Amino acid sequence: MGWQKNVLRVNLTEGTAKSEPLNMEWAESYMGERGLGTKYLYENMDPKADPMSPENVLIFATGPLTGTMSSTSGRYAVLCKGPLTNAIACSNSGGKFGAEMKYAGYDLIILEGRAKSPVYLHIVDDEVEILPADELWGTGVWHTEEWIKARHQNPNLKVASIGEAGENGVYYACVVNDLHRAAGRSGVGAVMGSKNLKAIACHGTKGVTVHDPKKFMEVIKDTHAKLAESEGRQGLTQEGTLAMIDAMEEWGGLPTRNFNEVQFEGTGKINPNFAITKNENGHVNLITNKACFGCTIACGRIAHVDKDHFTVVNRPQYHHASGGLEYETAYAFGPVVGVDDIDALTFANFMMNEHGMDPISFGVTLAAAMELYEVGAITKDQTDGIALNFGSAEALAVMAEKTGKGEGFGKELALGSKRLTEKYGHPEFFMGVKGQEFAGYDSRALQGMGLGYATSNRGACHLKHDVFAEDMEDVSGNGKAEPVKKSQDVVAMIDSTGLCLFTTAAWGPEDFAAQIDAACEGDWPLERIIESGERTFNLERMFNLGAGLTKADDTLPKRMLETPAPSGNAKGKVAELDKMLPEYYQHRGWTEEGVPSNETLSRLGL
Amino acid sequence: MQKSLLIDPEKCTSCLQCEMACSFEHEGTFNPARSRIKIFEFEHGRRAVPYTCTQCAEAWCLHACPVEALVRSQETGAVEVLDDVCVGCKVCTIACPFGTVNYNPDTGKVIKCDLCHGDPKCAEACPTDAITYVDSAWTGYERMQAWAVKTDNQPAA
């Protein structure tokens, strides 16, 4: 058990919703969430389909541990072909929606086709309705969630929705659940918008049962304690991921001003310590921390903007508290655009949550636009009169809102930095891989991270591998290929259980195996779950090859490969991808062209 | 010594481990919809408040029950539901001013906190000590102590 063994298939073109039994053969090979979602996506669509067409399939997937008492068990993933990358997109999110979807009785929700006019799904256990969302179209996530709960007089509903960004086809629009948790990357929200689907609202009363409850609770007791006592967990609880901002600045891996620099002089004004320091008005940015469903860590931040700050003055609707700064958001609204105004960063963060956009892609796209502006490729006439200089808090705040709402120059920023920089004649200013923008780690200072970015199946991403320890140990690319490959498989496994990557602050792969083994039928030794992760990674690669991606897409921008890091620990170094990539293909059992060999495919049963 | 659940909303991160532990103890599945303790979130998660039965000394539910399906445990002081006596009339759910007695449509009986017969699983599961099980006579002790510290304005010796 663990699984509900039930899939909800919704055809939006036909307006039908039917449940069907979960394919248990697939579940046993891919576990759940990312893995199982990938298998269903691969079997249900042509990878050549246009991501914004009705032929794209959108899947919400939970794992066998989602909704159980495993720590961090609230997670679900959203999968489709990504419009930002034209590759497979798989974004996961915490909050409470995933668990609620499971309690309603569904491991996966598969959405096909396109509704004629805006709709939302209302799911209470076996009752599924496709209802008109005309009244919600053109409104933000926060309003949508409130409206749906009020409409059904059911505060127990958990809502995953898109804001105007998803409706307007912002290429990096996301799906937001529980007001400020998001399936953030690769534009899964744009695909949801292209289907005219505004929201999915769920409430479930079915509960989740595990295979061996006694054994499961014993494992839970141990794993909870291990996590609670770990130093890594305590750091995440106290400072959130924002603590990385000082660490990266010191290391010299903090991308600054569109990756022209790797250290930022303003980190002291946007770091965890500053977030709890009173400003001259007695205002403190950070209010409290907040947990996702089932989470022992509570790394989430709840913050507010000083009501006298220029972004919210005379706008009381933004004086309340909401989801606050985490590292990637702080990097993308801070160093990479050169801004050190914590209130402006927090306001832009609110805009991302309310309108439904990926802060990483937005921030790095704005950074590219700022570089275009500074070299004169775009002018004030094109940017609605706003000077897009690095360091402008005004540009950050105004453009975050304009992009979310689809106004003025925001429509250009909605393209993402690859399309934007190509349009304005400087493709070399695009900082990302496969069309997706980099997270907050420079590939010259963290070589393994660079290889991970280049080979991630959803484009540049810091969450699909974990070689941080190796990168901190050795600033060169030596010996990075094997750990990158191995950690990609482990991360794919963790993503497929329904749990959060941050549990690795305390847990090794064996801790996940113990929980899966107790929750699911059959034997689940460590080797089996790791192999499941490797299988998932390879199937994602097969999807991408089918979509037309090649070895040429496993690359980094010239700035990473040819321009040496200007300062920090990696001063003078470039990303050593040429050396690492062939080694990586070998460890993967892929050909020199980056194609899984027949041997590898048959070993993994693909 | 009688003990009570002491709830400190300041410490609650809204993780719902208490709801899962409660439903697992009573129903054998993880099912917050059938939990006897509920977490309510306000203002985009700025505050989270755990809420459950206070085990009133003059229990309104107990007095309202027409079939005497609600009984007081002498051992723990909790008002417990006798499932084989309960007829599911729901009068107790109306009588409770706090809404902490609820009807379970799957079983046709009412459900409420019974302090897990003296070993409350919600308190055990709470990772932040927002829910603790303490001497009923001293549920205000920690708060009293905290205020005593705050109001101690004697100059240090």
Side-chain angles (χ1 to χ4, degrees), chain A residues 1 66-74 95-96 99-100 102-104 125 142 145 155-156 178-181 203-210 213 216-217 220-221 224-225 227-228 233 237 287-304 320-324 350 353, chain B residues 8-51 99 102-111 116 119-132:
Chain A
M1 283 179 271
T66 305
T68 70
M69 216 159 147
S70 295
S71 193
T72 76
S73 71
K96 301 191 166 86
E100 203 69 32
K102 194 89 176 274
Y103 294 143
D125 294 334
W142 297 347
E145 177 163 333
N156 292 314
D178 303 285
L179 302 171
H180 39 74
R181 307 312 307 183
H203 175 54
T205 66
K206 294 187 176 181
V208 174
T209 310
V210 289
F216 186 74
M217 290 309 275
I220 289 307
K221 206 174 168 189
H224 274 196
L227 189 55
R233 191 285 298 170
T237 303
I287 291 173
T288 186
N289 64 331
K290 189 60 52 189
C292 292
F293 184 90
C295 179
T296 312
I297 303 171
C299 73
R301 310 281 105 177
I302 301 292
H304 61 164
H320 65 83
S322 196
F350 284 7
N353 293 339
Chain B
D8 183 353
E10 290 281 310
K11 292 180 183 166
C12 178
T13 62
S14 184
C15 74
L16 310 196
Q17 280 186 13
C18 55
E19 294 194 15
M20 280 189 283
C22 176
S23 60
F24 182 76
E25 174 68 12
H26 293 94
E27 317 280 339
T29 64
F30 302 108
N31 188 359
R34 298 284 176 263
S35 171
R36 280 83 170 146
I37 185 165
K38 292 299 286 180
I39 308 300
F40 295 90
E41 262 190 53
F42 303 95
E43 296 180 66
H44 284 216
R46 177 184 188 139
R47 290 181 294 123
V49 182
Y51 215 83
N102 286 284
Y103 179 65
N104 180 351
D106 299 336
T107 58
K109 312 286 178 187
V110 294
I111 56 175
C116 299
D119 181 19
K121 299 300 176 189
C122 55
E124 187 184 311
C126 179
T128 63
D129 289 337
I131 307 164
T132 48

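Treat the numbers as computed from the prediction; the structure is a model and nothing was measured. Order of the sequence lines fixes the chain letters, A, B, ..., with proteins taken first and strands second; residue numbering starts at 1 for each chain.
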Approximate separation, where rounding is to 0.5 Å, of B/Leu16 CG and A/Met69 CE: 11.0 Å

Honestly, the part of B/Arg34 sitting under 4.5 Å from a heavy atom of chain A is side chain

Locate the shortest heavy-atom distance separating A/Ala298 from B/Thr13; write the atom from each residue and the value. CB-CG2, 3.9 Å

For the interface with chain B, which of A/Thr205, A/Asn156, A/Asp178 has the highest count of heavy-atom pairs at distances below 4.5 Å? A/Thr205

How long is the straight-line distance from NE2 of B/His44 back to CD of A/Glu145, given to the nearest 0.5 Å? 8.0 Å

Separation of B/Thr29 OG1 from A/Tyr103 OH (nearest 0.5 Å): 8.5 Å

Which region of B/Ser23, side chain (C-beta onward) or backbone (N, CA, C, O), has a non-hydrogen atom less than 4.5 Å from a non-hydrogen atom of chain A, or is it both or neither? neither

Minimum heavy-atom distance between A/Gly204 and B/Ala33, given as atom pair plus value: O-CB, 3.7 Å

Answer with side chain, backbone, both or neither: which region of A/Met217 has an atom nearer than 4.5 Å to a non-hydrogen atom of chain B? side chain

Please rank A/Thr209, A/Thr68, A/Thr237, A/Ile287 by heavy-atom pairs under 4.5 Å with chain B and give me the top one. A/Thr68

Could you look at B/Phe24 and say if it's the side chain, the backbone, both or neither that has a heavy atom under 4.5 Å from chain A? side chain

Heavy-atom closest pair, residues A/Gly294 and B/Met20: CA-CE, 3.8 Å

Distance-only, no hydrogens or angles: does the A/His320 side chain make a donor-acceptor pair with backbone N or O of B/Glu43 under 3.5 Å? no

Heavy-atom distance under 4.5 Å to chain B: side chain of A/Thr288, backbone, both or neither? side chain

Look up atom CZ in B/Arg47 and atom CD1 in A/Ile302, then write down how far apart they are to the nearest 0.5 Å. 12.5 Å

From the list B/Cys126, B/Pro127, B/Pro32, B/Pro105, the residue making the most non-hydrogen contacts under 4.5 Å with chain A is B/Pro32

Dump the intermediate steps for side-chain contact (heavy atoms from CB on, under 4.5 Å) on A/Lys96 and B/Glu41, then the final yes or no. CA-CA 12 Å; A/Lys96 301 191 166 86; B/Glu41 262 190 53; 2.7 Å; yes

Interatomic distance, CD@B/Gln17 vs OG@A/Ser73, rounded to 0.5 Å, equals 8.0 Å

